[in-house]
There are 2 protein chains.
Amino acid sequence: MPQRVETVFPDPQHDHAPCVAETLERAEKIFKNNGLSLTPLRRQVLQEVAGSHTAVGAYDILERLAQKGGRRLAPISVYRALDSLVAAGMVHRLESRNAFFACHVSHAGDRRQIVLACETCSAVAEVPGGSVFDGIGAAAAASTFKPTRTLVEVIGVCGRCQAGVPV
Amino acid sequence: MPQRVETVFPDPQHDHAPCVAETLERAEKIFKNNGLSLTPLRRQVLQEVAGSHTAVGAYDILERLAQKGGRRLAPISVYRALDSLVAAGMVHRLESRNAFFACHVSHAGDRRQIVLACETCSAVAEVPGGSVFDGIGAAAAASTFKPTRTLVEVIGVCGRCQAGVPV
DNA sequence: GAGGGATTGTTATACCATAACAGTCAGCCA
DNA sequence: TGGCTGACTGTTATGGTATAACAATCCCTC
Ligand SMILES: [Zn+2]
Ligand SMILES: [Zn+2]
Ligand SMILES: [Zn+2]
Ligand SMILES: [Zn+2]
(Lines give C-alpha, C1' and ligand atoms only; values in the text may rest on other atoms or scores of the structure.)
(Ligands and ions follow the chains in the order given, each with its own letter.)
Protein backbone atom coordinates (compact mmCIF):
# COMPACT_ATOMS: atom_id res chain seq x y z
CA MET A 1 0.00 0.00 0.00
CA PRO A 2 1.50 3.39 -1.00
CA GLN A 3 2.46 5.61 1.85
CA ARG A 4 1.02 9.06 2.09
CA VAL A 5 3.70 11.73 1.66
CA GLU A 6 3.08 15.19 3.03
CA THR A 7 4.44 17.53 0.45
CA VAL A 8 3.71 20.49 -1.75
CA PHE A 9 5.05 18.48 -4.65
CA PRO A 10 2.08 17.03 -6.48
CA ASP A 11 1.91 13.38 -7.38
CA PRO A 12 3.29 12.90 -10.91
CA GLN A 13 0.26 10.75 -11.56
CA HIS A 14 -2.19 13.54 -10.86
CA ASP A 15 -4.44 14.87 -13.59
CA HIS A 16 -2.47 17.89 -14.67
CA ALA A 17 -4.88 19.29 -17.25
CA PRO A 18 -6.88 21.29 -14.69
CA CYS A 19 -3.64 22.82 -13.35
CA VAL A 20 -2.82 24.11 -16.81
CA ALA A 21 -6.32 25.29 -17.56
CA GLU A 22 -6.54 27.19 -14.31
CA THR A 23 -3.14 28.77 -14.88
CA LEU A 24 -4.07 29.90 -18.37
CA GLU A 25 -7.30 31.43 -17.13
CA ARG A 26 -5.51 33.27 -14.40
CA ALA A 27 -2.95 34.55 -16.89
CA GLU A 28 -5.68 35.76 -19.18
CA LYS A 29 -7.12 37.89 -16.39
CA ILE A 30 -3.83 39.26 -15.16
CA PHE A 31 -2.75 40.37 -18.60
CA LYS A 32 -6.12 41.95 -19.26
CA ASN A 33 -6.05 43.76 -15.92
CA ASN A 34 -2.71 45.22 -16.85
CA GLY A 35 -3.89 46.46 -20.22
CA LEU A 36 -1.95 43.71 -21.97
CA SER A 37 -3.02 40.51 -23.62
CA LEU A 38 -2.16 36.86 -23.43
CA THR A 39 -1.31 36.53 -27.09
CA PRO A 40 -1.10 33.18 -28.88
CA LEU A 41 2.67 33.20 -28.57
CA ARG A 42 2.59 33.90 -24.86
CA ARG A 43 -0.11 31.34 -24.38
CA GLN A 44 1.93 28.69 -26.15
CA VAL A 45 5.01 29.47 -24.10
CA LEU A 46 3.02 29.44 -20.88
CA GLN A 47 1.50 26.11 -21.84
CA GLU A 48 4.93 24.61 -22.28
CA VAL A 49 6.18 25.98 -18.98
CA ALA A 50 3.02 25.06 -17.11
CA GLY A 51 2.90 21.64 -18.72
CA SER A 52 4.81 20.22 -15.80
CA HIS A 53 5.76 21.11 -12.27
CA THR A 54 9.42 21.26 -13.25
CA ALA A 55 11.71 24.06 -14.37
CA VAL A 56 12.48 24.23 -18.06
CA GLY A 57 15.07 26.12 -20.05
CA ALA A 58 14.18 28.71 -22.64
CA TYR A 59 15.72 26.62 -25.38
CA ASP A 60 13.75 23.58 -24.27
CA ILE A 61 10.60 25.58 -24.81
CA LEU A 62 11.91 26.67 -28.17
CA GLU A 63 12.54 23.08 -29.13
CA ARG A 64 9.16 21.80 -28.00
CA LEU A 65 7.31 24.53 -29.81
CA ALA A 66 9.27 23.74 -32.95
CA GLN A 67 8.23 20.09 -32.65
CA LYS A 68 4.59 20.97 -32.29
CA GLY A 69 4.14 24.14 -34.26
CA GLY A 70 6.15 23.54 -37.38
CA ARG A 71 7.88 26.89 -37.66
CA ARG A 72 10.90 27.63 -35.55
CA LEU A 73 10.89 30.70 -33.34
CA ALA A 74 13.90 32.88 -32.73
CA PRO A 75 15.23 32.55 -29.18
CA ILE A 76 14.44 36.15 -28.43
CA SER A 77 10.77 35.58 -29.14
CA VAL A 78 10.68 32.97 -26.41
CA TYR A 79 12.59 35.22 -24.07
CA ARG A 80 10.23 38.09 -24.71
CA ALA A 81 7.25 35.91 -24.00
CA LEU A 82 8.93 34.66 -20.85
CA ASP A 83 9.71 38.21 -19.77
CA SER A 84 6.07 39.18 -20.01
CA LEU A 85 5.00 36.05 -18.14
CA VAL A 86 7.56 36.67 -15.41
CA ALA A 87 6.43 40.29 -15.14
CA ALA A 88 2.86 39.07 -14.82
CA GLY A 89 3.92 36.73 -12.04
CA MET A 90 2.75 33.66 -13.93
CA VAL A 91 6.23 32.29 -14.36
CA HIS A 92 9.19 32.50 -12.02
CA ARG A 93 12.82 32.20 -12.84
CA LEU A 94 14.91 29.57 -11.08
CA GLU A 95 18.11 31.57 -10.83
CA SER A 96 20.30 28.72 -9.71
CA ARG A 97 19.50 26.84 -12.89
CA ASN A 98 18.84 29.54 -15.47
CA ALA A 99 15.43 28.02 -15.98
CA PHE A 100 11.76 28.90 -15.65
CA PHE A 101 8.80 27.35 -13.89
CA ALA A 102 5.11 28.13 -13.82
CA CYS A 103 3.45 29.54 -10.76
CA HIS A 104 0.55 27.27 -9.92
CA VAL A 105 -0.35 28.72 -6.57
CA SER A 106 -1.61 32.27 -7.08
CA HIS A 107 0.21 34.07 -4.32
CA ALA A 108 -1.11 37.26 -5.80
CA GLY A 109 1.87 39.50 -6.06
CA ASP A 110 3.36 38.48 -2.74
CA ARG A 111 6.84 37.50 -3.80
CA ARG A 112 7.85 36.24 -0.38
CA GLN A 113 7.92 32.64 -1.49
CA ILE A 114 10.55 30.05 -0.73
CA VAL A 115 11.41 28.02 -3.80
CA LEU A 116 12.13 24.33 -3.37
CA ALA A 117 13.82 22.66 -6.33
CA CYS A 118 14.42 18.91 -6.42
CA GLU A 119 17.75 18.03 -7.94
CA THR A 120 16.60 14.49 -8.65
CA CYS A 121 13.26 14.89 -10.43
CA SER A 122 13.56 18.63 -11.27
CA ALA A 123 10.20 19.37 -9.66
CA VAL A 124 9.81 22.86 -8.25
CA ALA A 125 7.45 24.04 -5.53
CA GLU A 126 6.83 27.27 -3.69
CA VAL A 127 5.95 27.66 -0.05
CA PRO A 128 5.07 30.88 1.77
CA GLY A 129 8.04 32.43 3.50
CA GLY A 130 6.72 35.53 5.23
CA SER A 131 8.72 35.26 8.42
CA VAL A 132 11.84 34.17 6.61
CA PHE A 133 11.65 37.18 4.35
CA ASP A 134 11.01 39.39 7.37
CA GLY A 135 14.25 38.10 8.86
CA ILE A 136 16.10 38.78 5.66
CA GLY A 137 14.62 42.25 5.49
CA ALA A 138 15.75 42.94 9.04
CA ALA A 139 19.26 41.73 8.31
CA ALA A 140 19.41 43.91 5.22
CA ALA A 141 18.08 46.94 7.09
CA ALA A 142 20.70 46.45 9.78
CA SER A 143 23.26 46.92 7.02
CA THR A 144 21.41 49.94 5.59
CA PHE A 145 20.71 47.86 2.51
CA LYS A 146 17.47 48.49 0.64
CA PRO A 147 16.23 45.32 -1.09
CA THR A 148 14.47 45.45 -4.40
CA ARG A 149 14.34 41.72 -4.97
CA THR A 150 14.99 38.84 -2.62
CA LEU A 151 15.75 35.37 -3.75
CA VAL A 152 15.41 32.25 -1.64
CA GLU A 153 16.06 28.98 -3.43
CA VAL A 154 16.55 25.63 -1.78
CA ILE A 155 18.14 22.91 -3.87
CA GLY A 156 17.63 19.45 -2.46
CA VAL A 157 15.59 16.29 -2.68
CA CYS A 158 11.81 16.20 -2.56
CA GLY A 159 9.91 13.78 -0.36
CA ARG A 160 8.97 11.51 -3.21
CA CYS A 161 12.54 11.13 -4.40
CA GLN A 162 13.74 10.55 -0.84
CA ALA A 163 11.21 7.76 -0.62
CA GLY A 164 12.91 6.20 -3.59
CA VAL A 165 10.14 6.42 -6.10
CA PRO A 166 11.35 4.66 -9.24
CA VAL A 167 12.05 6.93 -12.16
CA MET B 1 30.97 66.70 7.02
CA PRO B 2 30.53 63.14 5.73
CA GLN B 3 27.94 61.13 7.53
CA ARG B 4 28.85 57.83 9.07
CA VAL B 5 27.07 54.96 7.32
CA GLU B 6 26.60 51.72 9.21
CA THR B 7 27.16 49.04 6.64
CA VAL B 8 29.06 45.91 5.83
CA PHE B 9 29.98 47.51 2.53
CA PRO B 10 33.46 48.93 2.91
CA ASP B 11 34.28 52.43 1.82
CA PRO B 12 35.56 52.38 -1.76
CA GLN B 13 38.36 54.66 -0.58
CA HIS B 14 39.66 52.16 1.94
CA ASP B 15 43.09 50.65 1.60
CA HIS B 16 42.22 47.39 -0.10
CA ALA B 17 45.69 45.88 -0.24
CA PRO B 18 45.46 44.31 3.23
CA CYS B 19 42.10 42.74 2.32
CA VAL B 20 43.71 41.02 -0.65
CA ALA B 21 46.81 40.01 1.24
CA GLU B 22 44.80 38.50 4.07
CA THR B 23 42.58 36.65 1.63
CA LEU B 24 45.55 35.19 -0.23
CA GLU B 25 47.12 34.03 3.01
CA ARG B 26 43.94 32.39 4.11
CA ALA B 27 43.61 30.67 0.75
CA GLU B 28 47.15 29.39 1.00
CA LYS B 29 46.37 27.71 4.30
CA ILE B 30 43.05 26.25 3.23
CA PHE B 31 44.48 24.69 0.12
CA LYS B 32 47.41 23.30 2.02
CA ASN B 33 45.13 21.87 4.72
CA ASN B 34 43.21 20.08 2.00
CA GLY B 35 46.30 18.54 0.45
CA LEU B 36 46.05 20.94 -2.48
CA SER B 37 47.99 24.00 -3.43
CA LEU B 38 47.28 27.59 -4.33
CA THR B 39 49.05 27.47 -7.65
CA PRO B 40 50.14 30.58 -9.55
CA LEU B 41 47.10 30.30 -11.79
CA ARG B 42 44.70 30.02 -8.88
CA ARG B 43 46.47 32.82 -7.09
CA GLN B 44 46.15 35.10 -10.09
CA VAL B 45 42.47 34.34 -10.47
CA LEU B 46 41.85 34.88 -6.79
CA GLN B 47 43.70 38.18 -6.93
CA GLU B 48 41.43 39.37 -9.70
CA VAL B 49 38.29 38.31 -7.88
CA ALA B 50 39.47 39.66 -4.54
CA GLY B 51 40.71 42.85 -6.13
CA SER B 52 37.39 44.48 -5.39
CA HIS B 53 34.34 43.95 -3.26
CA THR B 54 32.22 43.43 -6.36
CA ALA B 55 31.13 40.37 -8.31
CA VAL B 56 32.97 39.71 -11.54
CA GLY B 57 32.28 37.43 -14.48
CA ALA B 58 34.62 34.62 -15.47
CA TYR B 59 35.31 36.27 -18.80
CA ASP B 60 36.12 39.56 -17.08
CA ILE B 61 38.81 37.73 -15.15
CA LEU B 62 40.02 36.19 -18.37
CA GLU B 63 40.24 39.59 -19.98
CA ARG B 64 42.07 41.23 -17.09
CA LEU B 65 44.59 38.44 -16.87
CA ALA B 66 45.19 38.73 -20.60
CA GLN B 67 45.85 42.47 -20.16
CA LYS B 68 48.36 41.89 -17.42
CA GLY B 69 49.91 38.58 -18.19
CA GLY B 70 50.46 38.69 -21.91
CA ARG B 71 49.27 35.22 -22.77
CA ARG B 72 45.59 34.51 -23.09
CA LEU B 73 44.08 31.69 -21.04
CA ALA B 74 41.38 29.39 -22.27
CA PRO B 75 38.04 30.02 -20.53
CA ILE B 76 38.07 26.58 -19.01
CA SER B 77 41.31 27.33 -17.21
CA VAL B 78 39.65 30.22 -15.45
CA TYR B 79 36.61 28.11 -14.66
CA ARG B 80 38.77 25.36 -13.22
CA ALA B 81 40.59 27.82 -11.02
CA LEU B 82 37.27 29.30 -9.93
CA ASP B 83 35.90 25.84 -9.19
CA SER B 84 38.76 25.10 -6.86
CA LEU B 85 38.41 28.48 -5.16
CA VAL B 86 34.68 28.01 -4.73
CA ALA B 87 35.26 24.53 -3.32
CA ALA B 88 37.77 26.03 -0.91
CA GLY B 89 35.19 28.59 0.18
CA MET B 90 37.37 31.49 -0.87
CA VAL B 91 35.07 32.57 -3.65
CA HIS B 92 31.29 32.45 -3.82
CA ARG B 93 29.08 32.42 -6.83
CA LEU B 94 26.41 35.09 -7.22
CA GLU B 95 23.77 32.92 -8.84
CA SER B 96 21.47 35.73 -9.83
CA ARG B 97 24.22 37.27 -11.93
CA ASN B 98 26.33 34.32 -13.02
CA ALA B 99 29.29 35.99 -11.41
CA PHE B 100 31.82 35.42 -8.66
CA PHE B 101 32.93 37.37 -5.62
CA ALA B 102 35.64 36.85 -3.06
CA CYS B 103 34.85 35.90 0.49
CA HIS B 104 36.56 38.43 2.72
CA VAL B 105 34.99 37.43 6.00
CA SER B 106 36.13 33.92 6.89
CA HIS B 107 32.90 32.31 7.99
CA ALA B 108 34.74 29.07 8.15
CA GLY B 109 32.58 26.64 6.29
CA ASP B 110 29.31 27.96 7.63
CA ARG B 111 27.40 28.59 4.47
CA ARG B 112 24.43 30.21 6.18
CA GLN B 113 25.25 33.64 4.88
CA ILE B 114 22.87 36.16 3.39
CA VAL B 115 24.31 37.75 0.28
CA LEU B 116 23.61 41.41 -0.36
CA ALA B 117 24.32 42.62 -3.88
CA CYS B 118 24.06 46.27 -4.83
CA GLU B 119 22.55 46.76 -8.25
CA THR B 120 24.01 50.24 -8.52
CA CYS B 121 27.67 49.83 -7.62
CA SER B 122 27.88 46.01 -7.93
CA ALA B 123 29.34 45.68 -4.46
CA VAL B 124 28.61 42.42 -2.67
CA ALA B 125 28.58 41.72 1.05
CA GLU B 126 27.74 38.77 3.24
CA VAL B 127 25.99 38.86 6.59
CA PRO B 128 25.34 35.94 8.92
CA GLY B 129 21.91 34.44 8.49
CA GLY B 130 21.66 31.65 11.01
CA SER B 131 18.08 32.23 12.11
CA VAL B 132 16.93 32.91 8.56
CA PHE B 133 18.42 29.65 7.39
CA ASP B 134 16.83 27.89 10.34
CA GLY B 135 13.47 29.21 9.22
CA ILE B 136 14.09 28.06 5.68
CA GLY B 137 15.13 24.65 6.94
CA ALA B 138 11.94 24.37 8.97
CA ALA B 139 9.81 25.32 5.99
CA ALA B 140 11.57 22.76 3.85
CA ALA B 141 11.20 20.06 6.49
CA ALA B 142 7.49 20.80 6.74
CA SER B 143 7.30 19.86 3.07
CA THR B 144 9.46 16.76 3.56
CA PHE B 145 12.11 18.45 1.47
CA LYS B 146 15.74 17.70 2.22
CA PRO B 147 17.99 20.65 1.37
CA THR B 148 21.48 20.17 0.04
CA ARG B 149 22.15 23.80 -0.76
CA THR B 150 20.31 26.95 0.20
CA LEU B 151 20.65 30.21 -1.58
CA VAL B 152 19.69 33.60 -0.18
CA GLU B 153 20.51 36.57 -2.35
CA VAL B 154 19.19 40.07 -1.87
CA ILE B 155 19.45 42.42 -4.80
CA GLY B 156 19.03 46.04 -3.88
CA VAL B 157 20.83 49.29 -3.15
CA CYS B 158 23.62 49.60 -0.61
CA GLY B 159 23.72 52.38 1.95
CA ARG B 160 26.35 54.34 0.11
CA CYS B 161 24.43 54.33 -3.15
CA GLN B 162 21.22 55.29 -1.34
CA ALA B 163 23.10 58.25 0.09
CA GLY B 164 23.76 59.34 -3.48
CA VAL B 165 27.49 58.94 -3.53
CA PRO B 166 28.65 60.25 -6.91
CA VAL B 167 29.96 57.62 -9.26
C1' DG C 1 -4.99 60.40 -40.14
C1' DA C 2 -1.21 61.21 -37.05
C1' DG C 3 0.80 59.63 -33.04
C1' DG C 4 1.94 56.16 -29.61
C1' DG C 5 2.20 51.79 -27.25
C1' DA C 6 2.15 46.86 -27.67
C1' DT C 7 3.64 43.03 -30.10
C1' DT C 8 6.36 40.11 -33.14
C1' DG C 9 9.81 39.25 -36.79
C1' DT C 10 14.64 39.16 -38.46
C1' DT C 11 19.43 39.09 -38.10
C1' DA C 12 23.36 39.18 -35.68
C1' DT C 13 26.05 38.92 -31.67
C1' DA C 14 27.52 38.55 -26.92
C1' DC C 15 28.04 36.07 -22.85
C1' DC C 16 28.41 31.83 -19.89
C1' DA C 17 30.10 27.01 -19.27
C1' DT C 18 31.81 22.33 -20.20
C1' DA C 19 33.47 17.91 -22.87
C1' DA C 20 37.24 15.24 -24.20
C1' DC C 21 41.87 14.21 -24.48
C1' DA C 22 46.87 14.98 -23.80
C1' DG C 23 50.83 16.23 -21.22
C1' DT C 24 53.58 17.47 -17.09
C1' DC C 25 55.02 17.02 -12.49
C1' DA C 26 55.57 15.38 -7.71
C1' DG C 27 55.01 11.84 -4.28
C1' DC C 28 54.57 7.09 -2.99
C1' DC C 29 55.96 2.54 -2.68
C1' DA C 30 57.00 -2.46 -4.40
C1' DT D 1 64.69 2.12 -10.07
C1' DG D 2 60.58 2.24 -12.18
C1' DG D 3 55.82 2.17 -12.32
C1' DC D 4 51.67 4.00 -10.34
C1' DT D 5 48.56 7.63 -8.94
C1' DG D 6 46.52 12.09 -8.29
C1' DA D 7 46.86 16.96 -9.01
C1' DC D 8 47.26 20.39 -12.30
C1' DT D 9 47.24 22.79 -16.81
C1' DG D 10 47.02 23.02 -21.89
C1' DT D 11 44.47 22.58 -26.30
C1' DT D 12 40.61 22.29 -29.16
C1' DA D 13 36.02 22.14 -29.86
C1' DT D 14 31.34 22.57 -28.61
C1' DG D 15 27.16 23.51 -26.11
C1' DG D 16 23.96 26.53 -23.54
C1' DT D 17 22.00 31.14 -22.20
C1' DA D 18 20.61 35.87 -23.35
C1' DT D 19 20.31 40.35 -25.67
C1' DA D 20 21.09 44.38 -29.22
C1' DA D 21 19.28 46.77 -32.98
C1' DC D 22 16.09 47.70 -36.34
C1' DA D 23 11.78 46.97 -38.95
C1' DA D 24 6.97 45.97 -39.48
C1' DT D 25 2.26 45.45 -37.98
C1' DC D 26 -1.79 46.28 -35.43
C1' DC D 27 -4.91 48.70 -32.59
C1' DC D 28 -6.46 52.51 -30.08
C1' DT D 29 -7.05 57.21 -29.38
C1' DC D 30 -6.95 62.20 -29.97
ZN1 LIG E 1 4.58 31.66 -7.64
ZN1 LIG F 1 12.10 14.83 -6.63
ZN1 LIG G 1 31.88 34.09 2.37
ZN1 LIG H 1 26.08 50.41 -4.04
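Keep in mind the model is a prediction, meaning the values are calculated, not measured. So you know, we letter chains A, B, ... as the sequences are listed, proteins then strands, and number each from 1.
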Practice problem: Looking at every strand, decide which applies to B/R80 at a 4.0 Å heavy-atom threshold: base, sugar-phosphate, or nothing. | Solution: base
Exercise. May I ask you to evaluate whether B/R97 reaches the phosphate of C/dC16, defined as a side-chain N or O under 4.0 Å from OP1 or OP2?
Key: no
Quiz item: Over how many whole Å does the gap from B/D83 atom CG to C/dT18 atom P extend?
Solution: 7 Å
Practice problem: Specify the separation, in whole Å, of atom CZ of A/F31 and atom C1' of C/dT8. | Solution: 14 Å
Practice problem: Remember a base hit wins even if backbone is also touched, and classify B/A58 as base, sugar-phosphate or nothing at under 4.0 Å, heavy atoms. | Solution: nothing
Practice problem: With the side chain of B/L36 defined as its heavy atoms from C-beta on, choose the nearest nucleotide among D/dG10, C/dC16, D/dC8. | Solution: D/dC8
Self-check item: Donor-acceptor side-chain pairing of A/T23 and A/H104 below 3.5 angstrom
Solution: yes
Quiz prompt | Touch class at under 4.0 angstrom, heavy-atom based, for A/R72 against every strand present | solution = nothing
Quiz item: Over how many whole Å does the gap from B/L85 atom CG to D/dT9 atom P extend?
Solution: 10 Å
Practice problem: In whole angstrom, give the distance that lies between atom CG of B/L73 and atom P of C/dA17. | Solution: 17 Å
Quiz item: Between C/dC16 atom P and B/L82 atom CG, what is the distance in whole Å?
Solution: 12 Å
Quiz item: Do A/Y59 and the base of D/dT17 stack face to face, with centres under 5.5 Å apart and an angle between planes under 30°?
Solution: yes
Quiz item: For A/E153 and B/T150, does a side-chain donor sit closer than 3.5 Å to a side-chain acceptor?
Solution: no
Quiz item: Between B/S37 and B/T39, is any side-chain donor less than 3.5 angstrom from a side-chain acceptor?
Solution: no
Self-check item: Length of the CG-P vector between B/L46 and D/dC8, whole Å
Solution: 15 Å
Self-check item: Interatomic distance, B/N98 CG vs D/dA18 P [rounded to whole Å]
Solution: 7 Å
Quiz item: Does a side-chain N or O from A/S77 land closer than 4.0 Å to OP1 or OP2 of C/dT8, or not?
Solution: no
Quiz item: Which sits closer to the 5' end of DNA chain D, B/T39 or B/P75, going by the nucleotide each is nearest to?
Solution: B/T39
Self-check item: Nucleotide C/dT18, atom P - distance to OH of B/Y79 in whole Å
Solution: 7 Å
Quiz item: Where each residue is assigned the nucleotide of DNA chain C containing its nearest heavy atom, which of A/L38 and A/I76 is assigned the position nearer the 5′ end?
Solution: A/L38
Practice problem: Could you verify whether a donor N or O on one side chain and an acceptor N or O on the other, from A/Q67 and A/E63, lie under 3.5 Å apart? | Solution: yes
Exercise. With heavy atoms under 4.0 Å as the rule, sort A/S37 into base, sugar-phosphate or nothing.
Key: sugar-phosphate
Self-check item: salt bridge (charged side-chain N to carboxylate O under 4.0 Å, His left out) evaluation trace for B/R149 with A/E119
Solution: CA-CA 10 Å; B/R149 190 165 70 96; A/E119 57 196 356; over 6 Å; no
